[in-house]
Amino acid sequence: MYVSTTTSPVHTTPSIEQQVFRIISKRKAIRASRVRKTASLARDLRFDTVDVVDIILELERNFSIVIPDEVPLYTVGDFVRYVRDHAAAA
């Protein structure tokens, strides 16, 4: 009896961090190399309030979460942490 040892290709899903980076970099066509977890949205990436709101809406849609207005989100890492903590619970 012949048993195949090949496995079907595994499609890896991008990590939450990669997905958040993609959403943030796509907002203003920023090179992915400029997006770092420590980057400040206002100071380093020059995002204004409208940009941040658009990012929040996109993250809420993509991850089926709600991000309340009072959550302090100043850096890319803040977004990654919030989504990681709340998308897992959803």
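As a basis for the values below, the full set of heavy atoms in this structure was taken, side chains included, without hydrogen atoms, waters or symmetry mates.
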Audit row: Phe63, His86, side chain to side chain contact (heavy atoms under 4.5 Å, CB included) steps and yes/no: CA-CA 9 Å; Phe63 294 100; His86 293 84; over 6 Å; no
Chi angles and distances behind the side chain to side chain contact (heavy atoms under 4.5 Å, CB included) call for Val35, Ile30: CA-CA 8 Å; Val35 180; Ile30 296 172; 4.2 Å; yes
Step-by-step side chain to side chain contact (heavy atoms under 4.5 Å, CB included) determination, Ile67 to Leu57: CA-CA 8 Å; Ile67 303 174; Leu57 293 173; over 6 Å; no
Verdict with reasoning, Val76 to Thr38, per side chain to side chain contact (heavy atoms under 4.5 Å, CB included): CA-CA 6 Å; Val76 173; Thr38 57; over 6 Å; no
Worked verdict on Lys37 versus Glu17 for salt bridge (charged side-chain N to carboxylate O under 4.0 Å, His left out): CA-CA 9 Å; Lys37 285 173 88 171; Glu17 182 174 308; 3.4 Å; yes
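Checked by atom type and distance alone, the side chain of Asn62 never pairs as donor or acceptor with a backbone atom of Leu59 at under 3.5 Å. The closest donor-acceptor contact from the side chain of Asp44 to the backbone of Ser40 lies under 3.5 Å.
Residues Leu73 and Ile56 form a side-chain contact, since some pair of their non-hydrogen atoms from C-beta on lies under 4.5 Å apart. For the pair Phe79 and Val52, the minimum side-chain heavy-atom distance is below 4.5 Å.
In this structure, Ile24 CD1 and Gln19 CD are separated by 12.0 Å, a value rounded to the nearest 0.5 Å. Expressed to the nearest 0.5 Å, how far CD of Glu58 lies from CD1 of Ile55 amounts to 9.5 Å.
Between Pro72 and Asp78, the shortest heavy-atom distance links the atoms O-OD2, 4.0 Å. The two residues Ala87 and Ile16 have their closest heavy-atom pair at CB-CD1, 4.3 Å. Listed here is the closest heavy atom pair of Arg36 and Phe21: C-CZ, 4.3 Å. The two residues Arg43 and Arg46 have their closest heavy-atom pair at O-NH1, 3.0 Å.
The hydrophobic cluster containing Val80 does not contain Val53, counting ILVMFWY residues as joined when their side-chain heavy atoms lie under 4.5 angstrom apart, directly or transitively. Hydrophobic cluster membership differs between Tyr74 and Phe47, with clusters built from Ile, Leu, Val, Met, Phe, Trp and Tyr side chains linked at under 4.5 angstrom.
For Glu60, there are no side-chain hydrogen bond (donor to acceptor under 3.5 Å, both in side chains) partners, not counting sequence neighbours.
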